[in-house]
There are 2 protein chains.
Amino acid sequence: MSTRRAATLRLQDVAEAAGVSIATASRSLSGSPGVSETVAERVREVASTLGYVANVHARSLAGGPTRTVGLVVHEIGDPYFSEIASGLLGVGAREGLTVQICHTGRDPERELAQLRMLIANRVGAIVIAGSGLVDPSLQAPAKAELQTFRRAGGRVAVIGRHHLGVDAVLPDNVEGARAVARHLLDLGHRRVAVAAGSRQLTTVADRLAGLQQAFADAGLDFAAVPVVETDFTRAGGKAAAEQILAEHPGVTAVLALNDDMAIGVLSALRARGVSVPREVSVTGFDDVAVAGDLAPSLTTVRLPMGEMGEQALVLALKKPGTRPRRRHVDAELVVRDSSGPPPS
Amino acid sequence: MSTRRAATLRLQDVAEAAGVSIATASRSLSGSPGVSETVAERVREVASTLGYVANVHARSLAGGPTRTVGLVVHEIGDPYFSEIASGLLGVGAREGLTVQICHTGRDPERELAQLRMLIANRVGAIVIAGSGLVDPSLQAPAKAELQTFRRAGGRVAVIGRHHLGVDAVLPDNVEGARAVARHLLDLGHRRVAVAAGSRQLTTVADRLAGLQQAFADAGLDFAAVPVVETDFTRAGGKAAAEQILAEHPGVTAVLALNDDMAIGVLSALRARGVSVPREVSVTGFDDVAVAGDLAPSLTTVRLPMGEMGEQALVLALKKPGTRPRRRHVDAELVVRDSSGPPPS
DNA sequence: ACAGTACCCGAAAGCGCTTACGAAAGCGCT
DNA sequence: AGCGCTTTCGTAAGCGCTTTCGGGTACTGT
């Protein structure tokens, strides 16, 4: 991309048109004190009739507040992340912010690199959705970078994890998982299996804890339940289903810990000719947009992903607190057609 | 977001460490001529061991090449767009570019506003996926903005449309549509209906043209085929299906012009107790990730969306030609379970 | 009437980078 | 040796903005 000199108006043009100095113009437009309201109003009016838009680069270079935020996700093509991004872009647009999206392809090294890039780009805030930084050798430097970023005035929020020591918006994973598990247990299922992503993720740990609680509530032993650990993708779900079918043939219900995996499970079962929910019930987690349109439609736990994206940005925009804050959003059981009583 | 002074290293630090002036350092790092290769190499080495990262804002302010590109989509939550974004982010990361994503919620006014914002932000290139700028009263100013943007050295590419007079990457909509239609006609379907998005979109026009060709090839009259025009969403598909069921009860196949609509059609048919494909065949267009996991899995036309995102960025990055270029990608029929012979 | 105070506003110094422009140095040639 | 040429590098002038600092103006109190 080539060098060029923009042909747009500068602050000076506005200042001249309003009959003030560029200092007052700047103050008026950015709402700084030290300008009488009458003058400020006039400048704003002139600026808007002229169609003036501040040069973000100059502003940020001069040390002004940065109106751009970075969003890092595993894979923007995944509905879970794209719906979060959608919510976040919504409030971003409303607030006049620009959003830089990076995706890491689930590679922690790339995640760290992207964080560094965002920081180097002087974004004002960073929102991390689905961090894969679990390995201490990468998590430690990431934490350090984020800390110095915050000390320099940057804002950080994480979605769905709580392992980086920063503000977080968290779905109620424990309660949601407990609800699905109870649902299946109430239906009479006793031989269930779990298809999970990496246990190193706090998400997985929390959801497993919820399952465990439901089992405990029913006086059952969760330790006997097979938990197959692959990863949070469709392929991971397929693999998990194959393994469950092979190693635990009597299972009547598969609890997938996210919808992508559940979709994989469904397709693996279909390929094997196993009928859902007559022979095996399947549940998911997230309630991505297609969950209701699958056949059978998927029983799952609804997370308000768009809202999580919004809240994360709102949280990041607020004045930083001294200690990390957590905002919780509800996780709600949605019963559809993929779950039913076990075969008798 | 607050004011702050970054505590990172500047070009001057690198220059001192390498024992050269900042001018030479700058030239070395940005690959400008006028520096001996030995010196340049040394500077680059020093920079990388120091972990120096140039300040994008300073660079862009000083008139250097802008390493950021803007992507505007209708709705990042839609799989079609998020998969395009995914491909584009991939090459973006590889090229060391940062990507700003805007979504317009299908609102042409917001689309224009976002375009203006990107231009004001001095991005180096703009990629538009799915423009809704069809109304002349908005399209004209948009074209004008884009033209001056290009004259100033900016690059522009459009995905899937060819109405803005700029470089475009286009799937072979005509051929793809022709292939699905032929598929259904070969199966013996004669009473078909089409569920389409707005006819003002070139996408729709092209796909309808393809259908028409297939009908002509078979010696049939396409004019007799009902085309229900709602919009390219799941809800639009549902509405279209309801209408088709009500007004054309004898239909044995519904051709949806994208997968989102097809999913809506499937769910409407399921709600009505209509069996697919036994009673009615359904086809889509795009082949989004879930298309193969639906039940029945969806017969559709595969567009390489990730590749389209990549190609668009590659196209935008190339030296601008004098005339708008077009790059075509293939559209390939994927036959799955949602299509079959009509009931006899 | 005058000093003291508060309030606005303008001049100017950068933010970190790119890039004219000019100086210095090396070369072959007369 | 001296000339002009090319090549390599440094000096310095901005890019458009924010912000400190100081000067003006209009008040207040005595």
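Any value given below was found using the heavy atoms of this structure, including those in side chains, with hydrogens, waters and symmetry copies removed. Chain identifiers are assigned alphabetically (A, B, ...) following the order of the sequence lines, protein sequences preceding nucleic acid strands; residue numbering begins at 1 within each chain.
- Annotation: B:E41, atom CD; neighbour count of heavy atoms from other residues, nucleotides and ligands within 6.0 Å is above 12.
- Counting to the nearest Å, the C1' atom of C:dC9 and the CZ atom of A:R42 are 12 Å from each other.
- In this structure, of D:dC17, C:dG16, D:dG10, it is D:dG10 that holds the atom nearest to the side chain of B:R27.
- Across the protein-nucleic acid pair, A:R10 atom CZ and D:dC17 atom P stand 8 Å apart, rounded to whole Å.
- Side-chain nitrogen and oxygen atoms of A:T24 include none within less than 4.0 Å of the OP1 or OP2 phosphate oxygen of C:dC8.
- Note on ring orientation: taking the six-membered ring where Trp is involved, the planes of B:H74 and B:F81 are perpendicular (angle over 60°, cut-offs 30° and 60°).
- Taking atom CG of B:N121 as the reference point, atom P of D:dC17 lies 12 Å away to the nearest angstrom.
- In this structure, A:E16 atom CD and C:dA11 atom P are separated by 12 Å, rounded to whole Å.
- Under the Watson-Crick or G-U wobble criterion, with both distances below 3.5 Å, D:dC15 is paired with C:dG16.
- Pairing for C:dA6 is with D:dT25, a Watson-Crick or G-U wobble pair whose two hydrogen-bonding atom distances lie under 3.5 Å.
- Following rounding to the nearest Å, B:N55 (CG) and D:dC17 (P) show an atom-to-atom distance of 16 Å.
- A close approach under 4.0 Å does occur between a side-chain nitrogen or oxygen of A:S26 and OP1 or OP2 of D:dT18.
- Atom-to-atom, CZ of B:R122 to C1' of D:dG16 comes out at 9 Å; the value is rounded to the nearest Å.
- Within the 3.5 Å criterion, the main-chain N or O of A:Y80 finds no donor-acceptor partner in the side chain of A:D78.
- Distance from the side chain of A:L61 is smallest to C:dG16 among D:dG10, C:dG16, D:dT18.
- Of the candidate nucleotides C:dA12, C:dC9, C:dT18, C:dA12 has the atom lying nearest to any side-chain atom of A:A23.
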Go through the steps to decide whether A:T203 and A:R161 satisfy the test side-chain hydrogen bond (donor to acceptor under 3.5 Å, both in side chains), and finish with yes or no. CA-CA 6 Å; A:T203 319; A:R161 304 281 157 85; 2.6 Å; yes
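- Residue A:S21 has its side chain nearest to C:dG10 when only D:dG16, C:dC9, C:dG10 are considered.
- A:L11 has its CG atom 17 Å from the C1' atom of D:dG14, to the nearest Å.
- Phosphate proximity of C:dC17 to B:Y52: present, with a side-chain N or O under 4.0 Å from OP1 or OP2.
- Expressed to the nearest 0.5 Å, how far CZ of B:R67 lies from OG1 of B:T98 amounts to 9.0 Å.
- Phosphate proximity of D:dC9 to B:S36: present, with a side-chain N or O under 4.0 Å from OP1 or OP2.
- The interatomic distance linking B:L29 (CG) with C:dT18 (P) rounds to 8 Å, in whole Å.
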